[in-house]
Engineer: 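For reference, the structure I am asking about is given below.
Lettering of chains follows the sequences in order, A, B, ..., and the numbering in each one begins at 1.
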2 protein chains.
Amino acid sequence: MDISTHTSTVRPYTDVLGRLRDAGLRPTRQRLALARLLLSGGGRHVTAEALHASAISAGIKVSLATVYNNLHQFTTAGLLREVVVDSGITYFDTNTTEHHHMYYESEGLLEDAGSDFVIETKLPELPEGVRVKCVDVVIRVERDTN
Amino acid sequence: MDISTHTSTVRPYTDVLGRLRDAGLRPTRQRLALARLLLSGGGRHVTAEALHASAISAGIKVSLATVYNNLHQFTTAGLLREVVVDSGITYFDTNTTEHHHMYYESEGLLEDAGSDFVIETKLPELPEGVRVKCVDVVIRVERDTN
DNA sequence: ATAGCTGCAAATGCTTTGCAAGGCC
DNA sequence: GGCCTTGCAAAGCATTTGCAGCTAT
C-alpha cells in the first residue's frame with residue numbers, strides 16, 4: 001500500500017495543512033501561515049491584534065480583517081476556542097479541551113489554570129428545555145504592589 | 001434621644017438616598033433616580049442601554065453618558081458589580097455578594113445561578129506575589145430549538 | 001471556471017471623553 | 001462660590017462588512 005494514498009483520521013498535531021483540509025478550509029497562503037503560527041506551538045492565548053503583529057513580524061503579508069476572519073473560521077471549525085474575560089477584547093485559545101483560566105486584568109494576560117485547580121460544581125436545576133453549553137471559570141488575579 | 005439625629009450603619013435596603021451618601025456620591029436628580037431604579041427591587045442585571053431605556057420610559061430625563069458614568073461610580077462604590085460574559089457588552093449586577101451566573105448567549109439574558117451550584121473550589125498554586133481577586137463562573141446555556 | 005479568500009476602507013456598536021452649562025452643599 | 005454633575009457631540013476602539021480583485025481546486 002502506497003503511503004501517499006493513506007488518509008489518516010489521527011493527524012499529528014503539527015500537520016497544520018491536514019487539519020485545515022479536515023476543517024474544509026482552503027489552505028491559502030495567509031490562512032496556512034496563521035494556522036502554523038497558532039497551532040504549531042503549545043497552548044497559546046492570542047488577540048487578533050497580537051496575532052496580526054506576530055504574522056507581520058514573521059514576514060507574512062496579511063491584513064487585520066483577514067486575521068479576524070480566520071480566527072472566527074478556526075473557532076467555528078473547532079480548532080480554536082474563544083475565551084471571554086474582558087469586555088472590549090476577544091481572546092482565542094489554541095487549547096480546545098476543557099480547562100479554566102487565570103486572568104491578569106491589569107496586564108491583559110491570559111493563562112491556563114493549572115490542572116491542580118479544582119472546582120466542583122453541581123449543575124443547578126434548569127428550566128424546561130434549557131441546556132448547558134459549557135461552564136467557564138475565570139480566576140481573576142493581580143500581582144502584589146510591593 | 002431624637003431619632004432624627006441617629007446615624008445607623010445598617011441601612012434598610014430601600015434607603016437609596018442614604019446609600020448614596022454613604023458612598024460619598026451626591027444625590028443629584030439623575031443619580032438618585034437611577035439608583036432607585038436599580039437598588040429598590042431585587043437582584044437585577046442591566047446594561048447601560050437597558051437602564052437608560054428604563055429611565056427614559058419612567059420619565060427620567062437623563063443622558064446615556066450619565067448612565068455610564070453613574071454605573072461606574074456605583075460599581076466603584078461597591079453598590080454594583082460588573083459581570084463579564086460577552087465581549088462587546090457590559091452587564092452590571094445589583095447583587096454584590098458572591099454568586100455565579102447563567103447566561104443565555106443568544107438572547108443576551110443574564111441570570112443568577114442558584115447558590116447550590118458551586119460545591120467546592122480548590123485554588124491552584126499561584127506564582128509568588130500573585131493574589132486572587134475573585135473567581136467568576138459562567139454557565140452558558142441555550143434553549144432547545146424544538 | 002468558480003466558489004471561496006483577501007485587502008482595503010468605510011461602517012458599526014459600545015463606551016469614553018472634552019467641555020460648557022447647570023446644580024448641590 | 002466652588003466643586004461635582006450633566007448633556008451633548010465628538011472621539012475612541014475593537015470588530016465587522018462591502019466589494020473589487022485575486023487564488024486554490
Engineer: Looking at side-chain heavy atoms only, is the closest gap between Leu39(A) and Arg19(A) below 4.5 Å?
Structural biologist: yes
Engineer: Less than 4.5 Å apart, any side-chain heavy atom of Thr90(A) and any of Thr47(A)?
Structural biologist: no
Engineer: Figure out the CG/P separation between Leu64(B) and dA9(D), and round it to whole Å.
Structural biologist: 13 Å
Engineer: Using a heavy-atom cut-off of 4.0 Å to chain B, what are the terminal contacting nucleotides of DNA chain C, in 5' to 3' order?
Structural biologist: dC14(C) to dC25(C)
Engineer: Using the benzene-type ring in the case of Trp, are the ring centres of Tyr103(B) and His45(B) under 6.0 Å apart?
Structural biologist: no
Engineer: Which comes earlier along DNA chain C counting from the 5' end, the contact point of Val62(A) or that of His72(B), where each point is its nearest nucleotide?
Structural biologist: Val62(A)
Engineer: Check nucleotides 17-25 of chain D against the protein and report each pair of N or O atoms closer than 3.5 Å, with its distance, or say if there are none.
Structural biologist:
from    : atom 1 : to       : atom 2 : distance (Å)
dT23(D) : O2     : Arg26(A) : NH1    : 3.4

Engineer: Using modelled atom types only, decide if a donor and an acceptor are shared between the side chain of Ser40(B) and the backbone of Leu37(B) within a distance under 3.5 Å.
Structural biologist: no
Engineer: Whole-Å distance between dT15(D) C1' and Glu49(A) CD?
Structural biologist: 10 Å
Engineer: Any salt bridge between Asp136(A) and Arg140(B), counting N to O under 4.0 Å?
Structural biologist: yes
Engineer: Do the side-chain N and O atoms of Asp112(B) and His100(B) include a donor-acceptor pair separated by under 3.5 angstrom?
Structural biologist: no
Engineer: Check whether Arg29(A) reaches the backbone of Ile60(A) with its side chain - one donor and one acceptor, N or O, closer than 3.5 Å.
Structural biologist: no
Engineer: Quick one: pull up CG in Asp15(B) and CG in Asp22(B) and give me the separation to the nearest 0.5 Å.
Structural biologist: 8.0 Å
Engineer: In whole Å, what is the span from the CD1 atom of Ile56(B) to the C1' atom of dT6(D)?
Structural biologist: 13 Å
Engineer: For the helix from dA1(C)-dT25(D) to dC25(C)-dG1(D), measure the angle between the helix axis at one end and the axis at the other, each built from five pairs, rounding to 10°.
Structural biologist: 30°
Engineer: Which atoms form the tightest heavy-atom contact between His52(A) and Val67(A), and what is the distance?
Structural biologist: CD2-CG2, 3.9 Å
Engineer: Roughly, in whole Å, what's the span from CG in Asn70(A) to P in dT15(D)?
Structural biologist: 15 Å
Engineer: Are the side chains of Leu34(B) and Arg31(B) in touch, meaning some heavy atoms are under 4.5 Å apart?
Structural biologist: no
Engineer: Return the set of residues passing side-chain contact (heavy atoms from CB on, under 4.5 Å) with Lys122(B) (not counting sequence neighbours), or none when no residue passes.
Structural biologist: Asp116(A), Val118(A)
Engineer: Any residue in residues 81-92 of chain A with a heavy atom nearer than 4.0 angstrom to DNA chain C? Just list them by number, or reply none.
Structural biologist: none
Engineer: Hey, does His52(B) reach any base, or is it just sugar-phosphate, or nothing, if we go heavy atoms under 4.0 Å?
Structural biologist: nothing
Engineer: Is it true that a side-chain atom of His99(A) and a backbone atom of Thr97(A) form a donor plus acceptor pair closer than 3.5 Å?
Structural biologist: yes
Engineer: Taking side chain to side chain donor-acceptor pair (under 3.5 Å) as the test, write out the residues that go with Glu105(A), two or more places apart.
Structural biologist: Lys133(B)
